[in-house]
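Below is one structure; the comments refer to it alone.
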Amino acid sequence: MITQDMQQKLDGQLNAELYSAYLYLSMSAYFESSDLDGFANWMRVQAREELMHAMKFFDFINSRGGQVALQPIAGPPTDWQSAADAFEEVYRHEQKVTGLINALTSSAVAESDHATNSFLQWFVNEQVEEEESANRVLRNLRLVGSDGAGLLMLDRELSQRVFVPPAAEGGASAGQ
Ligand code: FEO
């Protein structure tokens, strides 16, 4: 059984993951309208990953005897100055999410809620990848600068990204 306080905190993180999906879907729309289909694809895949993260929280709360209470999702921005500007925001956002996961993990430890702590370890590791992949694209964009040909090459590379369903991932957690 989960405490009321922990349930509320997990509901909050579920909401943050849904907001992340909204943010990246909005960025996908921005890139579509900028004719950068590879970037749009990367964001669309990222949005699906965020929905998968949200469902892990949804399933975990249920499996611990809680009842999910969905909260309103804030509207994301809809426009950015450039691809680099969008990825600056992705990187900043993922750092913020890492902070939220760390705070949640600290709360689980403080409550001696070992099951929640164990569940959250998947996210602790995932955030390392999330920050790294956003930062890698951002660093590439900084190298490319105002070179249009370089931007199109990067766009082609990002068009290759595919969504890996949780079952094929080999990770362990609720939602699979
Ligand atoms: Fe669900 Fe991008 O962290």
Side-chain angles (χ1 to χ4, degrees), residues 6-31 38-64 66 68-78 80 83-108 115-141 154 157-176:
M6 185 54 70
Q7 146 102 48
Q8 279 173 1
K9 288 187 166 102
L10 293 171
D11 277 342
Q13 189 60 35
L14 197 169
N15 186 270
E17 301 291 345
L18 290 174
Y19 175 78
S20 298
Y22 251 33
L23 176 64
Y24 298 141
L25 208 48
S26 185
M27 286 181 176
S28 183
Y30 160 75
F31 281 119
F39 281 89
N41 172 67
W42 193 97
M43 288 297 175
R44 184 182 283 240
V45 170
Q46 189 64 26
R48 289 186 71 185
E49 282 209 0
E50 299 300 350
L51 286 176
M52 181 263 284
H53 294 172
M55 289 312 296
K56 280 180 182 282
F57 280 95
F58 185 93
D59 289 341
F60 181 73
I61 292 165
N62 286 331
S63 71
R64 297 290 309 285
V68 171
L70 293 172
Q71 304 297 320
I73 306 166
T78 55
W80 290 269
D85 182 35
F87 268 87
E88 297 264 9
E89 181 160 354
V90 176
Y91 187 40
R92 269 200 315 273
H93 183 69
E94 288 302 332
Q95 289 173 308
K96 184 178 156 194
V97 172
T98 298
L100 294 173
I101 294 289
N102 286 342
L104 208 45
T105 307
S106 297
S107 296
T116 300
N117 181 28
S118 172
F119 165 74
L120 289 170
Q121 292 308 306
W122 186 90
F123 286 92
V124 170
N125 294 324
E126 175 72 1
Q127 282 310 120
V128 175
E129 279 180 37
E130 292 282 82
E131 284 191 33
E132 208 280 328
S133 66
N135 195 23
R136 192 184 71 80
V137 179
L138 180 57
R139 285 199 309 267
N140 284 347
L141 280 167
L154 190 52
E157 183 193 324
L158 298 186
S159 72
Q160 303 301 310
R161 187 180 184 193
V162 292
F163 176 68
V164 181
E169 222 178 28
S173 194
Q176 297 183 30

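We count ligands from 1, going down the list as the structure has it; atoms in each ligand are counted the same way. Here the structure is a predicted model, which is why all the values come from computation and not from measurement.
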Notebook entry, point to check: With respect to atom 1 (Fe) of ligand 1, what is the nearest N, O or S atom of Glu50?
Noted result: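 The Glu50 atom nearest to atom 1 (Fe) of ligand 1, restricting to N, O or S, is OE1.
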Note to self: To make sure I understand the geometry: which N, O or S atom in His53 is closest to atom 1 (Fe) of ligand 1?
What the structure shows: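 This turns out to be ND1.
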Margin query: Checking the side chain of Asn15 only, and the main-chain atoms of Pro72 only, is there a donor and an acceptor separated by less than 3.5 Å?
Written below: yes
Notebook entry, point to check: Has the side chain of Glu94 got a donor or acceptor atom that lies under 3.5 Å from a matching backbone atom of Gln127?
Noted result: no
Margin query: Rounded to the nearest 10°, what angle sits at atom 2 (Fe) of ligand 1 between OE2 of Glu130 and OE2 of Glu94?
Written below: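 With atom 2 (Fe) of ligand 1 as the vertex, OE2 (Glu130) and OE2 (Glu94) sit 110° apart.
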Check: What do you reckon, are the aromatic ring centroids of Tyr30 and Phe39 less than 6.0 Å apart?
Finding: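 Tyr30 vs Phe39: aromatic centres not under 6.0 Å.
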Margin query: For Trp122 and Phe60, I'd like to know if the aromatic rings sit close, meaning centre-to-centre distance below 6.0 Å.
Written below: no
Item checked: N, O or S atom of Glu17 closer to atom 1 (Fe) of ligand 1 than 2.8 Å -> yes
